[in-house]
Amino acid sequence: VILQRAGFREGKLSRDRARALAAIPGWSWRPLEDRFEEGMRHLRRFAGCVGHARVPRVHREAGFPLGVWVMAQRQSYGMGRLTSVRARRLMRLPGWTWRLRKRARARALR
């Protein structure tokens with residue numbers, strides 16, 4: 001799969017093979033970007049319902065592990081691996097914070 005995606009990005013994958021792969025249900029040429037967008041959709045929905053983006057670690061939205069995803073975004077940011085575009089998108093959400101205070105963290109985990 002990695003080689004097929006790399007070949008596609010480099011323009012080395014035949015048109016027929018690219019079409020065949022794209023026809024596979026669930027196929028994605030950009031799985032990491034797609035996963036981020038999926039997480040953002042769920043997080044926006046969560047924040048819209050509860051008024052903040054402080055998601056408990058164990059929380060799932062429609063089967064999506066939203067709490068784990070949010071934690072991963074915070075960790076990526078802390079390690080300097082989150083793009084500035086993604087960081088700005090997260091910071092626009094109501095109640096977004098990069099670090100939960102101990103009291104808020106304990107409350108969110110309940």
Side-chain angles (χ1 to χ4, degrees):
V1 170
I2 291 169
L3 293 175
Q4 301 305 306
R5 287 185 177 125
F8 180 78
R9 275 192 313 272
E10 296 165 5
K12 297 178 180 176
L13 196 65
S14 75
R15 192 174 298 166
D16 289 340
R17 181 163 294 184
R19 264 191 240 134
L21 288 167
I24 296 171
W27 177 262
S28 172
W29 292 111
R30 307 168 325 140
L32 298 177
E33 290 84 357
D34 292 347
R35 184 73 169 179
F36 182 82
E37 293 306 323
E38 182 181 9
M40 284 298 296
R41 278 192 306 277
H42 289 296
L43 185 55
R44 277 193 303 271
R45 188 176 311 125
F46 176 90
C49 289
V50 300
H52 62 77
R54 294 180 308 276
V55 183
R57 185 181 334 171
V58 297
H59 184 75
R60 297 177 81 81
E61 283 283 319
F64 183 86
L66 185 59
V68 172
W69 182 86
V70 166
M71 185 176 62
Q73 303 316 302
R74 288 188 177 118
Q75 288 174 341
S76 292
Y77 178 80
M79 294 185 297
R81 294 183 181 161
L82 191 67
T83 68
S84 59
V85 171
R86 287 182 178 183
R88 281 192 302 272
R89 288 179 64 194
L90 288 165
M91 289 187 291
R92 285 188 207 124
L93 294 168
W96 177 262
T97 180
W98 291 113
R99 292 181 181 219
L100 294 174
R101 293 186 182 161
K102 286 183 183 179
R103 200 174 306 163
R105 184 179 297 143
R107 206 177 16 230
L109 293 175
R110 285 186 212 151

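F8 and W27 end up in the same hydrophobic cluster when Ile, Leu, Val, Met, Phe, Trp and Tyr side chains are linked at under 4.5 Å. Under the 4.5 Å side-chain heavy-atom criterion for Ile, Leu, Val, Met, Phe, Trp and Tyr, V50 and V68 are members of distinct hydrophobic clusters. In the hydrophobic clustering of ILVMFWY residues, with side-chain heavy atoms under 4.5 Å counting as a link, V70 and W98 come out together.
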Below 3.5 Å, can you tabulate the donor-acceptor pairs from side chains in residues 84-96 to any protein atom, sequence neighbours excluded?
residue : atom : partner : partner atom : Å
R89     : NH1  : E37     : OE2          : 2.7
R89     : NH2  : E37     : OE1          : 2.9

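Listed by first and then second residue, the side-chain hydrogen bond (donor to acceptor under 3.5 Å, both in side chains) pairs involving residues 69-81 amount to none (not counting sequence neighbours).
Taking both residues in full, the closest heavy atoms of R5 and S28 are given as NE-O, 2.7 Å, listed atom of the first, atom of the second, then distance. Minimum interatomic distance between W29 and A18 (heavy atoms only, all atoms of both residues): CZ2-O, 3.6 Å. Residues G39 and L66 come closest through the heavy atom pair O-CD1, 3.8 Å.
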### Task
Output, in order, the C-alpha distance, side-chain angles, deciding distance and verdict of side-chain contact (heavy atoms from CB on, under 4.5 Å) for L21 and L13.
CA-CA 10 Å; L21 288 167; L13 196 65; 4.0 Å; yes
### Task
Evaluate side-chain contact (heavy atoms from CB on, under 4.5 Å) for H59 paired with E61, printing each intermediate quantity in order.
CA-CA 7 Å; H59 184 75; E61 283 283 319; 2.6 Å; yes
### Query
Yes or no on side-chain contact (heavy atoms from CB on, under 4.5 Å) for F64 and R41, after CA distance, side-chain angles and deciding distance?
CA-CA 11 Å; F64 183 86; R41 278 192 306 277; over 6 Å; no
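The main-chain N or O of E33 is never found under 3.5 Å from a side-chain atom of R30 such that the two would form a donor-acceptor pair.
The existence of a salt bridge linking E38 and R35 is confirmed by a sub-4.0 Å separation between a basic side-chain nitrogen and an acidic carboxylate oxygen.
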